[in-house]
Amino acid sequence: METKQTDLVIVGAGTAGMTAAIYALRAGREVILLEALAYGGQIINAPDIENYPGMAHVSGFDFATALYEQAKELGAEFRFERALSIEEREGGKAVLTGKCTYLCSAVILATGAKNRPLGLEKEQQFIGAGISYCATCDGAFYRGKTVAVNGGGNTALEDAEYLAGLCEKVYLIHRRDAFRGDERDVEKLRQKPNVEFVLNATVTELLGENRISGIVVKDKNTQETREIQIDGLFIAIGQMPDNTAFSKWVTLDENGYICAGEDCCTGTAGIYTAGDCRTKTVRQLTTAAADGAVAARAACAEQP
Ligand code: NAP
């Protein structure tokens, strides 16, 4: 197995991880970013970002690609490998991927979060057969069709708006009558004639044989159920972290987030954390970028 030495290993090439790379590179450090999937993290699927300061509109893909190119230009080395574990080594840490052992003085965990499933029967079976977690990736398959979006956060609202521009009808199903996402986006959806809000409702069953043909939703107040015929269901009920591989080194809260404050310190020397994977109240692009800067500065300060 290959062994490689660097100053800083960043696990996760989302907004937090790539921002950390930019700061560490500008501080003169060598940086390797390990990414299990593709650069960009969750934001890469956002159709239109409207709340990043200084950018009235930018697609998630363009935003993530600009960050990627900026980090590359500064000298970041991106390796598309999953970090499996961390070990203590003389003078620092080792991050193991199965392909390579990366020796470094410091590690930043910027692992982000992955889509939360509904946990219903047939959900896994219907992925790619009517179930999607990404409206911008799969929306075009549902042009002129009827779809439902489940969720009440910014992702669900943005997905519903994007799909309303493509589909004949969009049901927006949310378990409460107040949305977690921005009111401005809710208001935009209220104005759309092809969007129907189904509130105080949960999806309790997925219908169909080889692909989804409908859903059963249950009204939380009346307990009544109703069937809605749909061609596609877009699930946008938030994210869950995936930090178990590092639980020997960092404390995880009851939901699996890495316990850390605004200083991005984990309590373990040489291991920092940044972005959505850590305990925090506001998970936004701006706070992910801020974490990246803070974690990189802390990691660089520790290095000789
Ligand atoms: P989120 O804000 O955590 O919202 C998840 C939504 O799903 C909530 O409305 C929640 O309901 C609902 N939910 C959770 N578990 C559920 C379940 N088992 N069944 C049914 N509904 C369930 O997630 P998100 O929308 O993916 O956003 C994640 C973060 O990224 C947020 O901080 C968001 O603001 C940010 N984001 C930002 C942008 C942007 O800046 N342009 C775009 C997208 C996302 P309750 O409200 O009842 O808890």
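Atoms considered below: every heavy atom in the structure, side chains included; atoms not considered: hydrogens, waters and symmetry mates. Start at 1 and go down the list; that is how both ligands and their atoms are numbered.
The heavy atom nearest to atom 9 (O) of ligand 1, considering only A236, A178, G152, is found in G152. Of all the listed residues (I237, D48, V58, N115), I237 holds the heavy atom that lies closest to atom 21 (N) of ligand 1. When the heavy atoms of E50, R176, Q239 are ranked by distance to atom 28 (C) of ligand 1, first place goes to Q239.
Regarding atom 36 (N) of ligand 1, its nearest protein heavy-atom neighbour is N154 CB, 3.9 Å. When hydrogens are left out, the protein atom nearest atom 23 (O) of ligand 1 is G238 CA, 3.4 Å; that is the closest non-hydrogen contact. The nearest heavy-atom contact from the protein to atom 27 (O) of ligand 1 is T155 OG1, 3.6 Å. Scanning the protein for heavy atoms near atom 42 (C) of ligand 1, the closest one is E158 OE2, 3.4 Å. Of all protein heavy atoms, the one closest to atom 31 (C) of ligand 1 is R283 O, 3.4 Å. The nearest protein atom to atom 11 (O) of ligand 1, hydrogens excluded, is given as R175 NE, 3.1 Å; this is a heavy-atom distance. Summary of contacts: the protein heavy atom closest to atom 1 (P) of ligand 1 is R180 CD, 3.9 Å.
Under 4.0 Å from ligand 1, not a single heavy atom of Q42 appears.
Counted by atom type alone, D276 and Q239 present zero donor-acceptor pairs between their side chains at under 3.5 Å. Looking at T279 and D253, their side chains never bring a donor and an acceptor atom within 3.5 Å of each other.
The aromatic ring centroids of Y171 and F197 lie 6.0 Å or more from each other. Aromatic rings from F63 and Y52 are positioned such that their centres are separated by under 6.0 Å. In this structure, Y68 has its ring center under 6.0 Å from that of F78.
Ligand 1 is approached by H174 to a heavy-atom distance shorter than 4.0 Å. A heavy-atom separation below 4.0 Å is found between N51 and ligand 1.
Below 4.0 Å from some heavy atom of R116 lie the following atoms of ligand 1, by number and element: 14 (C), 15 (N). With ligand atoms numbered from 1 in the order given, ligand 1 contributes 32 (O), 33 (C), 34 (O), 35 (C), 37 (C), 40 (O) to contacts under 4.0 Å with heavy atoms of Q284.
Considering backbone and side-chain N/O atoms, N150 never comes within less than 3.5 Å of an N/O atom of ligand 1.
Placement of V147 and L157 within a single hydrophobic cluster is found when ILVMFWY residues are connected by side-chain heavy-atom separations under 4.5 Å, directly or transitively.
Between E196 and K169 there is a salt bridge, since a side-chain N of the basic residue sits under 4.0 Å from a carboxylate O of the acidic one. The residues E158 and K188 are annotated as not salt-bridged, no charged nitrogen and carboxylate oxygen being separated by less than 4.0 angstrom.
Shown here is E168, whose CD atom has no more than 12 heavy atoms of other residues, nucleotides or ligands within 6.0 Å.
Shown are V203, V217, V216; of these, the side-chain contact (heavy atoms from CB on, under 4.5 Å) with I228 is made only by V217.
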